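First the structure, in the form of structure tokens, and then the observations on it.
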Amino acid sequence: MLELRLVQGSLLKKVLESIKELVNDANFDCSSTGFSLQAMDSSHVALVALLLRSEGFEHYRCDRNTSMGMNLNNMAKMLKCAGNDDIITIKADDGSDTVTFMFESPTQDKISDFEMKLMDIDSEHLGIPEAEYHAIVKMPSSEFARICKDLSSIGDTVVISITKEGVKFSTKGDIGTANIVCRQNTSVDKPEEATVIEMNEPVSLTFALRYMNSFTKATPLSNTVTISLSNELPVVVEYKIAEMGYVRFYLAPKIEEDEEDTKPQV
Amino acid sequence: MVVEAQIIKPIGKGIVHRICAGQVILDLSSAVKELVENSLDAGATSIEISLKDFGEQWFQVIDNGCGISPNNFKVLALKHHTSKLSEFHDLQSLTTFGFRGEALSSLCALGNLTVETRTASEPVATHLTFDNSGVLVAERKTARQIGTTVMVKKLFSNLPVRSKEFSRNIRREYGKLVSLLNAYALIAKGVRFVCTNTTGKNVRSVVLKTQGSGSLKDNVITVLGMNTFSCLEPVTLSISDSCKVEGFLSKSGQGNGRNLGDRQYFFVNGRPVDMPKVSKLVNELYKGANSKQYPIAILNFTVPTRVYDVNVTPDKRKIFFSEENAILQALREGLQQIYSASNVCYSVNEVMLPAEKEECVELCSSHGKSPIVRKLYSPNASCPQKEQCSESNNGSVSLDEIDTECNNDTISQDEHEEKHITDSKNASESINEYRYTHIDEGLICENDGSLMNQEFTLRAHSASKDDDSGSRSACPSSIIPDQATLVSRTVESGSTSSKYSFNHSRHVQSTLNNFVSVNKRNRDSVIRALSEVPVLRNQAPHCQLKTANTETQDLITRSSLCFDQSDEPARASEIESLKQLNPDNVFYKNENAVSFKGDSSVREPKSNMELDLKNNTPLGDTASITPSSIDMITTDVLASDPPLHSSPVWLNSCKSSSNKICSNMQFSFQELKKRREKRLSLLQSSKFGCGKAKVKSHYSAATLEILQSEIGEQKERALAAAATELERFFKKEDFSRMKVIGQFNLGFIICKLDQDLFIVDQHAADEKYNFERLSQSTILNQQPLLRPIKLELSPEEEIVASMHMDIIRKNGFTLEEDPNAPPGCRFKLKSVPFSKNTMFGIEDVKELISILSDGDGHVECSIVGSYKLDTSDSVCPSRVRAMLASRACRSSIMVGDALGRNEMQKILEHMAELKSPWNCPHGRPTMRHLVDLTKIHKSYELTMQM
């Protein structure tokens, strides 16, 4: 039997809103250590990794390891019925083909009970190696979201260049070019508004802005975002989830060679 | 110098051998086919085909058949040696694949042939080596299972040109071979097929592998895949008593077919054959169910061996049937039942039937009107006559005149009654009025006749005009009863027989009959005039009355016969004059000729008038006389007196009547002239207009008139014809020379080039410019995938992909080939292109591969519909083009945008730079020819002259 009780239910709502655009169907893996998810988007371009540790739940009961296949759009519809201050409980019996979501208002005067059918999803568990990165940038998540949104109105791709002076976001399109530089500033009073850069060697990679904008839908989850880059490796855009976990997005960098050869042959 | 005659000698055996061998074995697939068929004829249940470097180095066929007995070793590869055919008529009962006995000998001539074989009665196998002429040169024992292995090395090595061609096209040959082996694998039941290819460093790959199932269904699943099989449906048709068709066909609906027509396999009694007519029939019927794709077809025809000829070509793939048409017709009917789209066609035909019935109803109704009209006008009573005249009065000129005639009739009748017995002058005046009416009616009849003739020649009239014709035909019928009434009133005889008809020739007959009646009375009136005079002088005895009556009747009969004979020349002249009028009305060659004819036609009625005036006098005399028996008796006695008495009366009446008639006739003839000239000018102007249009107009397909009437496929054809015509007559540089006249309806630009006006669609023109600009400037970004996606391709598609890796990469896709993977899973997709929010994927790369297959010379099919690609070397997925078309459309000038003159001129200048400026990316025309100004000028001048 599985029974998870989360007092801060809005966290789960935000998690679903952040990943449902990328992933249609996914398997949620439940074990004694926590509630996790790994899924790739339908184009095999981006990967989502979610972890909610068991310590973060008010009540966490998992008798044996289970895997629940869900359609994330349907799950988001279910969670939309919960209020922002509701307590969310997830229940599932062993071998059952349904999952139950129970929403309790803070004063316990309203209790909702939603049951959703589970799916059989054939997906391999993806091993993500622990990599060491050449550069790690930590910056306010709202700033990162703003940058991605602004640049996507100019071009298709963003070049992220990290040097000692700071991190530079560049793009170019039909109407011109755009450059945004964020300098490292560790002297601000509030830690969440600081931009911190750790760098072993300079890195410059190009990514599709379309996917970057999808990642920034996780901005409500955290005040800060961590961007880890390494040459020839996918970028990792990570948002912490309070004190109980994280959601990470992986995206392969765009190939730079032979760009002129990929014109449509109309 | 005298040239010595050459001696004719036979060609050497070896040379003959080499000449013919090259015609039996044409390529790799025909070579392997012969070996595979030998294995099948040997009863093999396992056939393995091995290739080295796609068959360029060597290939071999390994089977587990019955083997070859040692008795046959020496003659195995000799020319025309076989165990399957003894007599020619054996062809009609053959069931084996091979029978010509020339395959192995041809392979000896073209390559190095070795055979290993063992029969059930042999403990070990024998390895045989043959030379180029098929002679066994070496023999040694070897270990082998029961069966035969045939290996051919260095095919075509002794034909240099063929060998080079073979090496250059080796991959294409390999593709054809795999396709052919698929055909055998599908149809051979209980036979397991394996085909492997070994390349460079002994890397062995399996291309085809079946389990040797005994059912066609299992073979289809194994060879074509489960996904393909789910798109097929089983087919069983009985063509005739002894002919049956079994197999599988694609289901209806989009997506169940293929973009290529390559997967169509036809068999006759299990033999793969080429059946282009059947293929064409299947494609044609499937187009109704799925217009954009070709069907997958696997059809086996089971027929008696005697009804077809298999020995048409050395490779035996061409077959003639003795009753081909019957087979095709039955097959068509069977397939039409299968594809539901055929029912839609049938329902469309049903919709057509009511329209035809309506036409029939109209024809019946138009026929029905005539009898009704005939009945209405047949009574002789004057009151019903008047009512019918008023009923038919619908405002036409002819009917108005009829109404006037009715009034004349009334006046004449009153005068007649009041002055029953009057002097000769008054009576002649009354008769003159009758005659005037009669002449006018005659002219009206002629006009109506000419109108009817025109209507006969203009068969394109619509239904409403046919109704007008019906109402017009009522006019002659209403006129004829008037004449009958006049005659009956004049003579008071009570009845006159004359036939009515709506045919013009019948009408002439009827008129002549009326003339005959009048003439009869003319003679009778003369008699009466003579008998009047003696009454005043003598009184006859009463006892002689009876005899006189009898004599009078005889005299009347003779006079009528005499007048009939005299009328025949008059009839002929009337008919001739009317015939002359008809051609004038139908053919107008030029204005001068028509005017001349018009003048001559005006003269004709005058001559008729003079003739009628002469006839008036006797009628006048008749009116003033009352017949009596006494007068008739004295006729015989006083024969010499009548001329003297009648001549003064005739002269007087002639003088008085001529004055009145002249004044009236002039007026009516003036009107006739005006009407005729007006009609001629209209006909002439339209004729000239048509002629000039044909001669001078360059643009016949690219005009607005033609476009309006086109629908469906005709529309596509019309668009293509318009584009072709514009390319031929119109240079792109001419766009720069065009002068803007103005904007029309906020959506079109009217522009002028020399003496031609054109209309340009402002949205379509700007959209095409934006489309071509975006095509050149847009760069597709390459997005690597975190995890490559496995593509599932058929063997042919894998070959095409490996041959065109560069084009696929230029389109933004990166494929990775894994030589060790099993067939169908050899390629992985590593990166995909994207542009803004449009991401491409597996479907697009598969479509790209199928497009590249088209380019290799496979069956052509238009993926982009009827729209022609701008450049011949353009290869890209259709979604890329659709993306660019969508962006171009949204960023272009819209209908409803008011444009300044400079903006319009700029659009035209942009069109000069385009590769293909005739259609927008969605197929809408950008420009059409509007009018030729020189034609308008000439038409204007013509109007001024008239």
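In the text below, chain A, chain B and the rest are named by the order of the sequence lines, each starting its count at 1. Here the structure is a predicted model, which means the values were calculated and not measured.
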Using a 3.5 Å distance criterion without hydrogens, assess whether the side chain of A:Ser222 forms a donor-acceptor pair with backbone atoms of A:Ile241.
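No, the answer is negative, given that no donor and acceptor are paired below the 3.5 Å cut-off.
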Quiz prompt | Segment of A:Phe207 engaging chain B (4.5 angstrom heavy-atom cut-off) | solution =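 It is neither, since no heavy atom gets under 4.5 Å.
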Proximal component of A:Thr157, with respect to chain B [non-hydrogen, under 4.5 Å] =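 Only the side chain of A:Thr157 comes within 4.5 Å of chain B.
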Is it the side chain or the backbone of B:Pro788 that comes within 4.5 Å of chain A heavy atoms, both, or neither?
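Answer is backbone: N, CA, C or O of B:Pro788 sit under 4.5 Å from chain A.
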- Query: Any side-chain heavy-atom pair from B:Phe771 and B:Ser892 closer than 4.5 angstrom?
  - Reply: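 No; the side chains remain at least 4.5 Å from each other.
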Inset, instruction - Could you tell me which residues satisfy salt bridge (Lys or Arg N to Asp or Glu O under 4.0 Å) with A:Lys13, sequence neighbours excluded, listed by chain and number? - result: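 Testing A:Lys13 for salt bridge (Lys or Arg N to Asp or Glu O under 4.0 Å), a comparison that skips the adjacent residues, returns none.
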**Item:** Pair A:Arg210-B:Ser835, side-chain hydrogen bond (donor to acceptor under 3.5 Å, both in side chains): steps then yes or no
**Value:** CA-CA 10 Å; A:Arg210 176 189 176 199; B:Ser835 179; over 6 Å; no
